[in-house]
There are 2 protein chains.
Amino acid sequence: MYVKKLPELDYGVATTIKALGGKWKACILDCLHLGIRRPSELCRNIPGASLRVLSQQLKELEACHIVYKKVYAEVPLRVEYYLTSWGESLWPVIVAMNEWGNAYLHHHCNSTPQES
Amino acid sequence: MYVKKLPELDYGVATTIKALGGKWKACILDCLHLGIRRPSELCRNIPGASLRVLSQQLKELEACHIVYKKVYAEVPLRVEYYLTSWGESLWPVIVAMNEWGNAYLHHHCNSTPQES
DNA sequence: GCCTATAATGATAAATTTGTCCATATGGAT
DNA sequence: ATCCATATGGACAAATTTATCATTATAGGC
């Protein structure tokens, strides 16, 4: 696995961004919140993300204690991910971020921040 | 300048992270909020960040309409950055992210998310 | 004249994240 | 026998972000 070489920042905002900042993490958390729990379901519900990438992001979220995993002894293998209490506590933050971002998108005619 | 090749996500959370997610951006906004405005001052107040990197991040924040720039015709050149109203509107979001992150750091003994 | 400080940028390297392709294992359906 | 779906991970490539080094320009202090 990859080992960091650059020093990391450890104050609040940086920590939150590290936990939540992966490209697909907010999508995943949104799905989990809606009850979409299996990797293959997530993949079908998140256009553009491959199963491989989602697995990576889920693993990181798990390492952050934001989600946990339930494995069923079935075939084909059945796995479900759930929000932990930490993940739940992140929800209001996600909502706040989502609202700001949507207001931004509205005001700037759907251009992304860096471009306009 | 760098031109993106991968598709970008354009819902709220992703937009907020794009605006705020650069390594030093939260530090910079925090400083601006405290009244530290000149690039050289920022550099002295943010250990580990070079003037070059801060300039880049300031430029991106400017492109996002989160900060604006005042140039004084003095020598040596004097430049000051200020939060725009968008920047101000981001403040509650930053506070929410900061609180969650700090709580996380407390609970997980100062380890960063990915490591623990 | 040389060194200081100021702000910005080009060129390039290093680090990190994201993506693609392939492989594994298992039981059921065709 | 072959293909399907399931979940995961190795190996590696591509994309992106961050960092380093050098250069520009200007006026003052020594």
Side-chain angles (χ1 to χ4, degrees), chain A residues 1-9 14 17-28 36-64 67-81 112-115, chain B residues 1-9 14 17-28 36-64 67-81 112-115:
Chain A
M1 207 186 69
Y2 193 77
V3 179
K4 307 238 182 228
K5 297 178 187 174
L6 292 174
E8 304 217 333
L9 307 179
I17 288 181
K18 266 182 278 182
L20 190 58
K23 180 161 179 180
W24 307 101
K25 286 181 187 167
C27 300
I28 291 172
I36 301 168
R37 322 207 151 281
R38 301 185 64 179
S40 53
E41 289 176 330
L42 290 168
C43 193
R44 282 191 287 271
N45 275 277
I46 304 177
S50 68
L51 201 50
R52 176 74 170 102
V53 170
L54 292 177
S55 285
Q56 290 173 329
Q57 305 264 307
L58 283 164
K59 200 169 187 181
E60 288 176 13
L61 287 170
E62 213 188 346
C64 289
V67 307
Y68 68 95
K69 183 174 161 179
K70 251 188 186 168
V71 183
Y72 297 83
E74 300 178 7
V75 166
L77 187 51
R78 177 185 195 78
V79 172
E80 290 180 349
Y81 289 90
T112 53
Q114 321 288 0
E115 296 168 357
Chain B
M1 206 185 70
Y2 192 78
V3 179
K4 307 237 182 232
K5 297 177 187 172
L6 292 173
E8 305 219 333
L9 308 178
I17 287 181
K18 266 183 277 182
L20 190 58
K23 180 162 179 180
W24 306 103
K25 285 181 187 168
C27 299
I28 290 172
I36 300 169
R37 322 207 152 279
R38 302 184 63 180
S40 53
E41 288 177 330
L42 290 168
C43 193
R44 281 190 288 269
N45 276 277
I46 304 177
S50 70
L51 202 50
R52 177 75 171 101
V53 171
L54 292 177
S55 285
Q56 289 174 330
Q57 305 265 306
L58 282 165
K59 200 170 185 179
E60 288 177 12
L61 287 170
E62 213 189 344
C64 288
V67 306
Y68 68 95
K69 181 174 161 180
K70 251 188 185 170
V71 183
Y72 296 83
E74 299 177 11
V75 166
L77 188 52
R78 176 183 195 78
V79 173
E80 289 181 351
Y81 288 90
T112 53
Q114 319 290 358
E115 297 167 355

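Bear in mind that the values here come from a model prediction, so they are computed numbers and not experimental data.
- Here Gln57(A) reaches the OP1 or OP2 of dT18(C): one of its side-chain N or O atoms lies under 4.0 Å away.
- The residue among Ser50(A) and Pro76(B) whose nearest nucleotide of DNA chain C is located toward the 5' end is Pro76(B).
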Nucleotide N/O to protein N/O under 3.5 Å, stretch nucleotides 10-16 of chain C:
from	atom 1	to	atom 2	distance (Å)
dG10(C)	N7	Arg52(B)	NH2	3.1
dG10(C)	O6	Arg52(B)	NE	2.5
dA11(C)	N6	Arg52(B)	NH2	3.3
dT16(C)	OP1	Lys5(A)	N	2.9
dT16(C)	OP1	Leu6(A)	N	2.7
dT16(C)	OP2	Tyr2(A)	OH	2.6
dT16(C)	OP2	Lys5(A)	N	2.9
dT16(C)	O5'	Tyr2(A)	OH	3.3

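- Rounded to whole Å, atom C1' of dT20(D) lies 14 Å from atom CH2 of Trp24(B).
- In this structure, Ser40(B) reaches the dT6(C) phosphate: one of its side-chain N or O atoms is under 4.0 Å from OP1 or OP2.
- For Lys69(A), no side-chain nitrogen or oxygen approaches OP1 or OP2 of dA7(D) to under 4.0 Å.
- As a whole-Å value, the separation of Arg44(B) CZ from dT4(C) P is 15 Å.
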If you restrict it to nitrogen or oxygen atoms, what contacts under 3.5 Å exist between nucleotides 28-30 of chain C and the protein, and what is each distance?
none

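- The distance from atom CG of Leu77(A) to atom P of dT8(D) is 7 Å, rounded to the nearest whole Å.
- Atom P of nucleotide dA25(C) and atom CG of Leu51(A) are separated by 18 Å, given to the nearest angstrom.
- No engagement by Tyr72(B) is indicated, since no non-hydrogen atom pair under 4.0 Å with the nucleic acid exists.
- For Met1(B) and dT9(C), the CE to C1' distance is 14 Å, given to the nearest whole Å.
- In this view, Ile36(A) and Cys31(A), Glu41(A), Leu42(A), Asn45(A) satisfy the side-chain contact (heavy atoms from CB on, under 4.5 Å) rule, not counting sequence neighbours.
- Computed from coordinates, the Leu54(A) CG to dT6(D) P distance equals 13 Å when rounded to whole Å.
- Checking dG19(C), dT9(C), dT8(D) against every side-chain atom of Ser55(B), the shortest atom distance belongs to dT9(C).
- Applying the salt bridge (Lys or Arg N to Asp or Glu O under 4.0 Å) rule to pairs touching residues 67-81 of chain A yields Arg78(A)-Glu80(A), sequence neighbours excluded.
- Every residue two or more places apart in sequence or in another chain was checked for a side-chain hydrogen bond (donor to acceptor under 3.5 Å, both in side chains) with Arg38(A), and none qualifies.
- Per the geometry, NZ belonging to Lys25(B) stands 12 Å off C1' belonging to dT18(D), to the nearest Å.
- Residue Lys23(A) places its side chain closer to dT18(C) than to any other of dT18(C), dA7(C), dT8(D).
- Protein atom CG of Leu9(B) is 14 Å distant from nucleotide atom C1' of dT17(C), rounded to whole Å.
- Direction of the helix axis in the helix from dG1(C)-dC30(D) to dT30(C)-dA1(D) shifts by 40° between the two five-pair termini, rounded to 10°.
- Taking side-chain N and O atoms only, Arg38(B) has a distance below 4.0 Å to OP1 or OP2 of dA7(C).
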